[in-house]
Amino acid sequence: MGPHMGFRNVTTLDKRTTAEAVVGRLRDGMTIGIGGWGPRRKPMALVRALLRSGVKDLTVVAYGGPDVGMLLAAGKVRKLIYGFVSLDAIPLEPYFRKAREAGGLEVLELDEGMLQWGLKAAALRLPFLPTRVGLGTDVFDQGGFRTVTSPYDDGEVLLAMPAVPLDLALIHVHRADRMGNIQALGPDTYYDEWFAKAAKEVVVSAEEVVDRLDLSHPEDAKANIVERCFVQHVVEARHGAHPTSMPPAYGWDMAALKAYVASAGEEDGWARYRADTIGPDEAHYLAQAGGDAIAKLPLPIF
């Protein structure tokens, strides 16, 4: 793992901060896990703050979508550990494709379940977890994995999936409070719990930040997917998943995603996208993205 952030053991009962304050304390070479799934509930406001920073040489761990593509386009990534990188309705993430075709990017491509297993091993503070997944495939050969033999009578040979520990995890949720309690609504919370528990530090961005979730939204207590002891930093980021979806609040912005994809085929396309769309701050981004109209984006139907 990379160098430490320098703000471990946050015990304050008020964990609220800003994306800029968090990113300002990151260091080159860190290992950062990004929650969400493809173009769904990605912590894009935090990713955009990272894009505006000078941090580089990152190891990024993700079930990737535009978060991964943008960080690759900006030259922030040294190594990528991933289960996939896709925009769902647009199967190939364009900047990820360009980076892979160009070569030079260190990668560890994993089966989706193997990545989950690696995060779980890190969360449990174990060096590895055994699995049958990956045996007899090129994933095993290309990833340099090793096997273990069951010590019981079956003697089964299993792949030893190494832990994937993180310096920092970024996740986006619907609600949070000043103490780090969170509520992630919607039909699927993906593997955000394991990203959080595999990390030394967790930054949560939320559509809404309140004083006490137990008082304001007790009916959704079951949506607290990660205990507050794992969360060090809370950032309010309304529409912070855009252009990815945030069910049940809003859907993905397919027009915005298509414009992003088109930029990859244009000369100096990323530079223009970075300047015109990402812009100098989040207020600029949200203004050009439609502001409160984001809340009216229809949910995709699968």
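When reading the values below, keep in mind they use all heavy atoms of this one structure, side chains included, and skip hydrogens, waters and symmetry mates. Just so we're clear, the structure is a prediction, and the values are computed from it rather than from any experiment.
A salt bridge does not link Glu93 with Arg97: every distance from a Lys NZ or Arg NE/NH1/NH2 to an Asp or Glu carboxylate oxygen is 4.0 Å or more. Between Asp14 and Arg178 no salt bridge is recorded (no basic side-chain N to carboxylate O distance below 4.0 Å). A salt bridge is absent between Glu208 and Arg238; no separation between the charged side-chain nitrogens and carboxylate oxygens falls under 4.0 Å. The pair Arg52-Asp281 does not count as a salt bridge, with every side-chain nitrogen at least 4.0 angstrom from each carboxylate oxygen. Taking a cutoff of 4.0 Å between a charged side-chain nitrogen and a carboxylate oxygen, Glu106 and Arg78 qualify as a salt bridge. Taking a cutoff of 4.0 Å between a charged side-chain nitrogen and a carboxylate oxygen, Asp88 and Arg40 qualify as a salt bridge. Using a cutoff of 4.0 Å between basic side-chain nitrogens and carboxylate oxygens, Glu236 and Arg16 are not scored as salt-bridged.
Under the 4.5 Å side-chain heavy-atom criterion for grouping Ile, Leu, Val, Met, Phe, Trp and Tyr, Phe140 is connected to Leu110 within one hydrophobic cluster. Note on Leu71 and Val261: same hydrophobic cluster, where clusters join Ile, Leu, Val, Met, Phe, Trp and Tyr whose side-chain heavy atoms are under 4.5 Å apart, directly or indirectly. Under the 4.5 Å side-chain heavy-atom criterion for ILVMFWY residues, a single connected hydrophobic cluster contains both Leu115 and Val133. Cluster annotation: Leu158 and Phe145 are assigned to distinct hydrophobic clusters (Ile/Leu/Val/Met/Phe/Trp/Tyr, side-chain heavy-atom contacts under 4.5 Å, transitive). Hydrophobic clustering (ILVMFWY, side-chain heavy atoms < 4.5 Å, transitive): Val148 and Val157 are in distinct clusters.
Shortest non-hydrogen contact noted between His242 and Ala289 is CE1-CB, 3.6 Å. Leu105 and Ala99 make their closest contact through CD2-CB, 4.3 Å (heavy atoms, listed as atom of the first residue, atom of the second, distance).
Remark: the backbone N or O of Val55 is paired with a side-chain donor or acceptor of Lys76 at under 3.5 angstrom. At least one donor-acceptor pair closer than 3.5 Å links the side chain of Arg41 to the backbone N or O of His172. Side chain of Lys197 to main chain of Leu124: no donor-acceptor pair is present (N/O by atom type, distance under 3.5 Å, no hydrogens or angles). Between the side chain of Thr244 and the main chain of Lys42, a donor-acceptor pair closer than 3.5 Å is present. A donor-acceptor pair under 3.5 Å is formed between the side chain of Lys15 and the backbone N or O of Val231. With hydrogens and angles ignored, the 3.5 Å screen pairs no side-chain donor or acceptor of Tyr63 with any backbone N or O of Gly35. Within the 3.5 Å criterion, the main-chain N or O of Pro218 finds no donor-acceptor partner in the side chain of Asp214. Remark: side-chain polar atoms of Lys98 are paired, donor with acceptor, to backbone N or O of Ala264 under 3.5 angstrom.
Ring geometry, Trp37 versus Phe84: the interplanar angle exceeds 60°, so the pair is classed perpendicular (tilted spans 30 to 60°).
Cluster partners of Ile294 are Met246, Tyr250, Tyr285, Leu286, Leu297, counting Ile, Leu, Val, Met, Phe, Trp and Tyr whose side-chain heavy atoms approach within less than 4.5 Å, directly or via other members.
A cation-pi arrangement is absent between Lys120 and Trp117, since the terminal nitrogen or guanidinium carbon is not both under 6.0 Å from the aromatic centre and inside a 45° cone about the axis.
In summary, the aromatic rings of Phe96 and Tyr82 are positioned with their centroids under 6.0 Å apart. Between Tyr273 and Trp270, the distance separating the two ring centers is shorter than 6.0 angstrom.
How far CG of Asp220 is from CG of Leu185: 5.0 Å, rounded to the nearest 0.5 Å. Here the CD1-CZ distance, from Ile278 to Arg272, works out to 14.5 Å after rounding to the nearest 0.5 Å. A distance of 11.5 Å separates CZ in Arg274 from CZ in Arg48, rounded to the nearest 0.5 Å. Between Leu213 atom CG and His174 atom NE2 the span is 13.0 Å, to the nearest 0.5 Å.
Under the 4.5 Å side-chain criterion, counting only non-hydrogen atoms from C-beta, Phe128 is not in contact with Met161. Annotation: side chain of Thr147 is in contact with side chain of Leu135 (closest heavy-atom distance under 4.5 Å). Looking at heavy atoms from C-beta onward, Tyr260 lies out of side-chain contact with Pro243 at the 4.5 angstrom threshold.
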